[in-house]
Novice: 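My structure is below; once you've seen it, I'll send some questions.
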Amino acid sequence: HEIRPSDAEASFPTLRASIGYAPSLDPARLRRMMHGTGSAQTLTMDLSFNEPLLTLEWLDLGEHGTRFPAYSLNEFVAEKFRAILQQPGRKRNRPQDAFDIDVLLGTHPALQDAESRAEILRILRAKSIEREVPVTRAGLRDPAVRDRSARDYAALRAQLLVKPPPFEAMFARVTAYYESLPWPAD
């Protein structure tokens with residue numbers, strides 16, 4: 001496990017932990033895990049502190065009723081948008097966030113619903129206030145936001161098992177969706 005950022009003064013620290021598991025019907029894997037020789041299967045989780053879950057969803061793990069709270073899909077998308085908008089202020093490059101949203105838009109049709117769009121915008125605004133991240137309809141058109149999202153995209157493409165789309169096409173889809181959220185009239 002590790003605490004990120006390592007700065008003791010961080011306002012929103014995150015604990016990243018990897019948890020090993022083995023199917024209960026696989027004695028060899030269970031023995032290996034019980035003897036501390038590792039697990040071939042791990043789940044990496046980021047546990048955030050000082051951050052409310054606004055739309056809690058319970059995820060089920062396995063057949064034994066193991067459950068844990070997590071972001072809903074809409075909150076996950078809102079968090080991804082917040083992270084994209086926050087890049088210039090934190091001086092970080094996060095090409096994964098826009099890519100993740102693009103994949104979700106292609107695999108979760110419910111994100112196109114008016115209710116989902118409204119909830120994403122509501123959550124994005126609420127969470128951005130806490131972190132002092134400016135949120136406007138034109139936010140993804142900010143050259144600093146776009147440039148930081150583009151940096152390291154080639155390296156991300158090299159790491160993925162699937163061939164991601166070219167950055168410009170992907171970011172255009174993500175921007176179009178973001179701008180389609182139900183923003184109030186200017």
Novice: Between the side chains of Arg117 and Gln112, is a donor N or O closer than 3.5 angstrom to an acceptor N or O?
Specialist: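 A donor-acceptor contact under 3.5 Å links the two side chains.
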
Novice: Does any non-hydrogen side-chain atom of Val162 lie less than 4.5 Å from one of Val103?
Specialist: no

Novice: Take Tyr177 and Leu111 through the side-chain contact (heavy atoms from CB on, under 4.5 Å) test and state the conclusion after the steps.
Specialist: CA-CA 10 Å; Tyr177 180 80; Leu111 290 172; 3.8 Å; yes

Novice: Between Ser116 (side chain only) and Ala110 (backbone N and O only), is there a donor and an acceptor less than 3.5 Å apart?
Specialist: yes

Novice: Between atom CZ of Arg148 and atom CG of Asn93, what is the distance when rounded to the nearest 0.5 Å?
Specialist: 5.0 Å

Novice: Mind checking what makes side chain to side chain contact (heavy atoms under 4.5 Å, CB included) contact with Gln96, not counting sequence neighbours?
Specialist: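 Gln96 satisfies side chain to side chain contact (heavy atoms under 4.5 Å, CB included) with Phe99, Asp100, Leu156 only.
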
Novice: Where the side chain of Asp113 meets the backbone of Glu115, is there a donor-acceptor pair that is under 3.5 Å apart?
Specialist: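 Checking the backbone N and O of Glu115 against the side chain of Asp113, no donor-acceptor pair under 3.5 Å is found.
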
Novice: Roughly how far, to the nearest 0.5 Å, is the CG atom of Leu73 from the NE2 atom of His108?
Specialist: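 So the NE2 of His108 and the CG of Leu73 are separated by 5.0 Å.
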
Novice: Using side-chain heavy atoms (C-beta onward) and a distance below 4.5 Å, is Asp142 in contact with Leu85?
Specialist: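 No; the side chains remain at least 4.5 Å from each other.
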
Novice: Answer yes if Ile129 and Leu181 sit in the same cluster of Ile, Leu, Val, Met, Phe, Trp and Tyr residues linked by side chain heavy atoms under 4.5 Å apart, and no otherwise.
Specialist: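 Result: no, two separate clusters.
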
Novice: Do any N or O atoms from the side chain of Arg157 and from the backbone of Pro164 form a donor-acceptor pair under 3.5 angstrom?
Specialist: yes

Novice: Please check this pair: side chain of Trp183 against backbone of Tyr178, looking for a donor-acceptor N/O pair closer than 3.5 Å.
Specialist: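 The answer is yes, because a donor-acceptor pair under 3.5 Å joins these two groups.
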
Novice: Does any non-hydrogen side-chain atom of Arg141 lie less than 4.5 Å from one of Thr175?
Specialist: yes

Novice: Please say which of Arg82, Lys80, Glu79, Gln87 ends up in a side-chain contact (heavy atoms from CB on, under 4.5 Å) with Asp97.
Specialist: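 Going through Arg82, Lys80, Glu79, Gln87 one by one, the side-chain contact (heavy atoms from CB on, under 4.5 Å) with Asp97 is satisfied by Lys80 alone.
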
Novice: Which heavy atom of Ala118 sits nearest a heavy atom of Pro182, and at what distance?
Specialist: CA-CG, 3.6 Å

Novice: Rounded to the nearest 0.5 Å, what separates atom OG in Ser128 from atom CD1 in Ile123?
Specialist: 11.0 Å

Novice: For the residue pair Phe76 and Tyr71, does the interplanar ring angle fall in the parallel (under 30°), tilted (30 to 60°) or perpendicular (over 60°) class?
Specialist: tilted

Novice: Quick one: are Phe167 and Pro95 in side-chain contact, heavy atoms under 4.5 Å?
Specialist: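 No - every pair of side-chain heavy atoms lies 4.5 Å or more apart.
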
Novice: How far apart are the closest heavy atoms of Glu57 and Ser72, and which atoms are they?
Specialist: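 Smallest interatomic distance, heavy atoms only, reads OE1-CA, 3.6 Å.
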
Novice: With heavy-atom distances below 4.5 Å as the criterion, would you say the side chains of Arg173 and Pro165 are in contact?
Specialist: yes

Novice: If you round to the nearest 0.5 Å, how far is CD1 of Ile84 from CZ of Arg146?
Specialist: 12.5 Å

Novice: Applying side-chain contact (heavy atoms from CB on, under 4.5 Å), run through Arg92 and Gln86 and close with a yes or a no.
Specialist: CA-CA 8 Å; Arg92 290 190 180 170; Gln86 188 175 324; over 6 Å; no

Novice: May I ask you to test the Leu124-Val133 pair for a side-chain heavy-atom distance under 4.5 Å?
Specialist: no

Novice: Can you confirm whether Glu119 sits close enough to Glu75 that some side-chain heavy atom of one is under 4.5 Å from a side-chain heavy atom of the other?
Specialist: no

Novice: What pair of heavy atoms forms the shortest contact from Leu104 to Val77, and how long is it?
Specialist: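 The answer is CD1-CG2, 3.9 Å.
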
